[in-house]
A.B. asks: 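First, the structure itself, so that you have it in front of you.
Atoms within a ligand are numbered from 1 in the order they appear, just like the ligands themselves. If you're wondering where the values come from, they're calculated on a predicted model, not measured in any experiment. Note that these values count all heavy atoms, side chains included, but never hydrogens, waters or copies made by symmetry.
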Amino acid sequence: MAKGKVYVFDHPLILHKVTILRNKNTGHKEFRELVEELAMLMAYEVTRSHPTREVEVETPLAKAKGRSIAGQEIAVVPILRAGLVMEAGITRLIPTARVGHIGIYRDPESLEPVPYYSKLPEDIAEREVLILDPMLATGGSTVSAIDTLKQKGCRTIRVLAIIAAPEGIEKVHNAHPDVEIYTAAVDSHLNDHGYIVPGLGDAGDRLFGTK
Ligand code: PRP
Ligand code: URA
C-alpha cells in the first residue's frame with residue numbers, strides 16, 4: 001500500500017483514549033482534552049530516539065550528571081483548525097518548540113485542499129518538523145502542508161495524525177515517500193464525502209463545537 005513508513009501506536013493509553021474520542025456521545029470539553037492528551041502521548045513516542053547530550057547539574061547535595069535534549073530543534077506545525085489542539089498538548093511537553101501555522105480547508109465539493117494561511121518560524125528549514133492534524137483523510141491537506149514546508153527548505157518532516165485512512169497514507173507516501181506518518185489508527189476507508197469510516201466525524205466541529 002504505502003511506499004514510506006507508517007507507525008501505528010499500540011500503547012494502551014493511546015488506544016483507550018482514541019476509543020473514547022470516537023464515541024459520538026463524547027462532548028466538546030472531553031474531546032478537546034483527549035486530543036491534547038493524545039498529542040502529548042504521541043509526541044512522547046515520536047521523540048523516543050531523539051539525541052541527548054551529557055550535562056552536569058548541581059543538586060542541593062552534589063554535582064550530578066544528567067542528559068539534555070540535543071540535535072535538531074523541533075518545530076510543530078498544526079494544520080488549522082483541528083491541529084491547534086494537538087499543538088497545545090505538545091508544547092506543554094516540549095515548551096521550547098517553535099510553532100508554525102498552516103491554514104488549509106477542504107473544499108466540501110471537490111475535497112481538494114485550499115491553503116489560506118501560512119506563518120512559519122524563520123529558521124524552520126533547520127528544524128525537525130512535526131505536522132499536526134487529527135485526521136488524515138484523502139491526504140490532500142497534509143500533502144499541501146508538506147509542499148509548503150519543503151518549499152521553505154525543510155528536510156526532516158514527520159506527520160502526526162490521530163486517525164488515518166489508507167487513501168491518505170498512500171497519497172502522502174506517493175507525493176513524499178521520505179515523510180514518516182505516525183498514527184493511532186488506520187481505519188477502513190473514506191465515504192463518499194471524504195470522511196474517514198469509522199473515524200470520529202468532523203474533528204474541527206467536535207473540537208470547537210461549531211456544529
Ligand atoms: C479536516 C481535518 C484535516 C482535513 C483532512 O479539516 O482537520 O485538516 O480535513 O482531510 P484531507 O486529508 O482529506 O485533506 P477541514 O478541512 O474540515 O478544516 P477545519 O479544520 O478548518 O474544519
Ligand atoms: N476531516 C475530518 O474532520 N474528519 C474526517 O473524517 C475527514 C476529514
A.B. asks: Give the numbers and elements of all ligand 2 atoms closer than 4.0 Å to a heavy atom of I196.
C.D. replies: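 Here the atoms of ligand 2 in question are 5 (C), 6 (O).
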A.B. asks: Do we see a donor-acceptor contact under 3.5 Å between the side chains of R81 and T210?
C.D. replies: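 There is such a pair between these side chains.
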A.B. asks: Considering only heavy atoms of R81, which atoms of ligand 1 have at least one such atom less than 4.0 Å away?
C.D. replies: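 So the atoms of ligand 1 that pass are 19 (P), 20 (O), 21 (O), 22 (O).
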A.B. asks: Before signing off on this row, confirm whether Y105 and ligand 1 have an N or O atom pair separated by under 3.5 Å.
C.D. replies: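 It does not: no N or O of Y105 is found under 3.5 Å from an N or O of ligand 1.
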A.B. asks: Please give me the minimum heavy-atom distance between V55 and R53, naming the atom from each residue.
C.D. replies: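 Closest heavy-atom pair between V55 and R53: CG1-NH1, 3.2 Å.
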A.B. asks: More than 12 heavy atoms of other residues, nucleotides or ligands under 6.0 Å from CD of E180: yes or no?
C.D. replies: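 Check passes, neighbour count above 12.
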A.B. asks: For atom 14 (O) of ligand 1, what's the nearest protein heavy-atom neighbour? Residue, atom name and distance, please.
C.D. replies: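 Looking at atom 14 (O) of ligand 1, the protein heavy atom closest to it is S141 OG, 2.6 Å.
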A.B. asks: Relative to the heavy atoms of A82, which atoms of ligand 1 are at a distance of less than 4.0 Å?
C.D. replies: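 Heavy-atom distances to A82 below 4.0 Å select 7 (O), 20 (O).
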A.B. asks: Is the shortest distance from atom 6 (O) of ligand 1 to a protein heavy atom below 4.0 Å?
C.D. replies: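 Protein heavy atoms within 4.0 Å of atom 6 (O) of ligand 1 - there are none.
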A.B. asks: Can you pull out the closest protein heavy atom to atom 13 (O) of ligand 1? Residue, atom name and distance to 0.1 Å, please.
C.D. replies: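 Going by distance alone, atom 13 (O) of ligand 1 is nearest to T138 OG1, 2.5 Å.
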A.B. asks: Within a 6.0 Å radius of atom NE2 on H189, are there more than 12 heavy atoms belonging to other residues, nucleotides or ligands?
C.D. replies: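 More than 12 heavy atoms, drawn from other residues, nucleotides or ligands, come within 6.0 Å of this atom.
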A.B. asks: If you measure only the distance, is there a donor-acceptor pair under 3.5 Å linking the side chains of K5 and H173?
C.D. replies: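 Note: K5 and H173 side chains miss the donor-acceptor criterion.
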A.B. asks: Which heavy-atom pair separates A64 from T59 by the least distance, and what is that distance?
C.D. replies: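 Closest approach of A64 to T59, heavy atoms only: CB-CG2, 4.0 Å.
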A.B. asks: Heavy-atom contacts with L80 under 4.0 Å: which atoms of ligand 1 show up? List them by number with element.
C.D. replies: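 Selected atoms, number and element: 20 (O).
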A.B. asks: For the residue pair Y117 and I104, establish whether any side-chain heavy-atom pair is separated by less than 4.5 Å.
C.D. replies: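 Answer no - side chains too far apart.
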A.B. asks: Which atoms from ligand 1 have a heavy atom of M135 less than 4.0 Å away?
C.D. replies: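 It comes down to these atoms of ligand 1: 3 (C), 5 (C).
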A.B. asks: Measuring from the heavy atoms of G194, does anything fall under 4.0 Å of ligand 2?
C.D. replies: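 Under 4.0 Å: yes for G194.
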A.B. asks: So, regarding A203 and ligand 1 (criterion: nitrogen or oxygen to nitrogen or oxygen, under 3.5 Å), is there a contact or not?
C.D. replies: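 A203 vs ligand 1: no N/O contact under 3.5 Å.
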A.B. asks: Of the side chain and backbone of A137, name the one, both, or neither that has a heavy atom under 4.0 Å from an atom of ligand 2.
C.D. replies: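 It is the side chain that gets close, since no backbone atom is under 4.0 Å.
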A.B. asks: Could you check whether the rings of Y182 and Y7 sit parallel, tilted or perpendicular, using 30° and 60° as the cut-offs?
C.D. replies: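 Y182 and Y7: parallel rings.
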A.B. asks: Check ligand 1 against D133 and write out every atom of the ligand that is under 4.0 Å from a heavy-atom position of the residue.
C.D. replies: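 Within the 4.0 Å cut-off of D133, ligand 1 contributes 2 (C), 3 (C), 7 (O), 8 (O).
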A.B. asks: Counting only nitrogen or oxygen atoms and a 3.5 angstrom limit, does R106 reach ligand 1?
C.D. replies: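 N/O-N/O distance under 3.5 Å: yes.
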A.B. asks: What residue and heavy atom of the protein are closest to atom 17 (O) of ligand 1, and at what distance?
C.D. replies: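 In this structure, atom 17 (O) of ligand 1 has D202 OD2, 4.2 Å as its nearest protein heavy atom.
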A.B. asks: Are any of the heavy atoms in G139 under 4.0 Å away from ligand 1?
C.D. replies: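 It does; at least one heavy atom falls under 4.0 Å.
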A.B. asks: Counting only N and O atoms by type, is there a donor-acceptor contact under 3.5 Å from the side chain of D205 to the main-chain atoms of G209?
C.D. replies: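 No; zero donor-acceptor contacts below 3.5 Å.
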A.B. asks: Among S141, G201, A82, G204, which one has a heavy atom closest to atom 2 (C) of ligand 2?
C.D. replies: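 Minimum heavy-atom distance to atom 2 (C) of ligand 2 goes to G201.
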A.B. asks: Quick check against the 3.5 Å criterion: does R67 have a side-chain atom that pairs as donor or acceptor with the backbone of T52?
C.D. replies: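 Present.
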A.B. asks: Which atoms from ligand 2 have a heavy atom of R106 less than 4.0 Å away?
C.D. replies: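 Once the distances to R106 are compared, the set is 7 (C), 8 (C).
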A.B. asks: For atom 5 (C) of ligand 2, what is the closest protein heavy atom, and at what distance to 0.1 Å?
C.D. replies: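 Closest protein heavy atom to atom 5 (C) of ligand 2: Y195 CD2, 3.3 Å.
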A.B. asks: Can you name the atoms of ligand 2, numbered from 1 with element, that are less than 4.0 Å from a heavy atom of A203?
C.D. replies: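 Taking each heavy atom of A203 in turn, ligand 2 has 2 (C), 3 (O) under 4.0 Å.
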A.B. asks: Would a 4.0 Å cut-off, counted as strictly less than, catch a protein heavy atom around atom 2 (C) of ligand 1?
C.D. replies: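 It does: a protein heavy atom is found less than 4.0 Å away from atom 2 (C) of ligand 1.
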A.B. asks: Has Y105 got more than 12 heavy atoms of other residues, nucleotides or ligands less than 6.0 Å from its OH?
C.D. replies: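 Not buried by this count: 12 neighbours or fewer within 6.0 Å.
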A.B. asks: Would you say that R98 contacts I124 through its side chain, given a criterion of any heavy-atom pair below 4.5 Å between the two side chains?
C.D. replies: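 Side-chain contact under 4.5 Å: no.
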A.B. asks: Taking 4.0 angstrom as the limit, do D178 and R158 come out as a salt bridge?
C.D. replies: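 No, this pair does not count.
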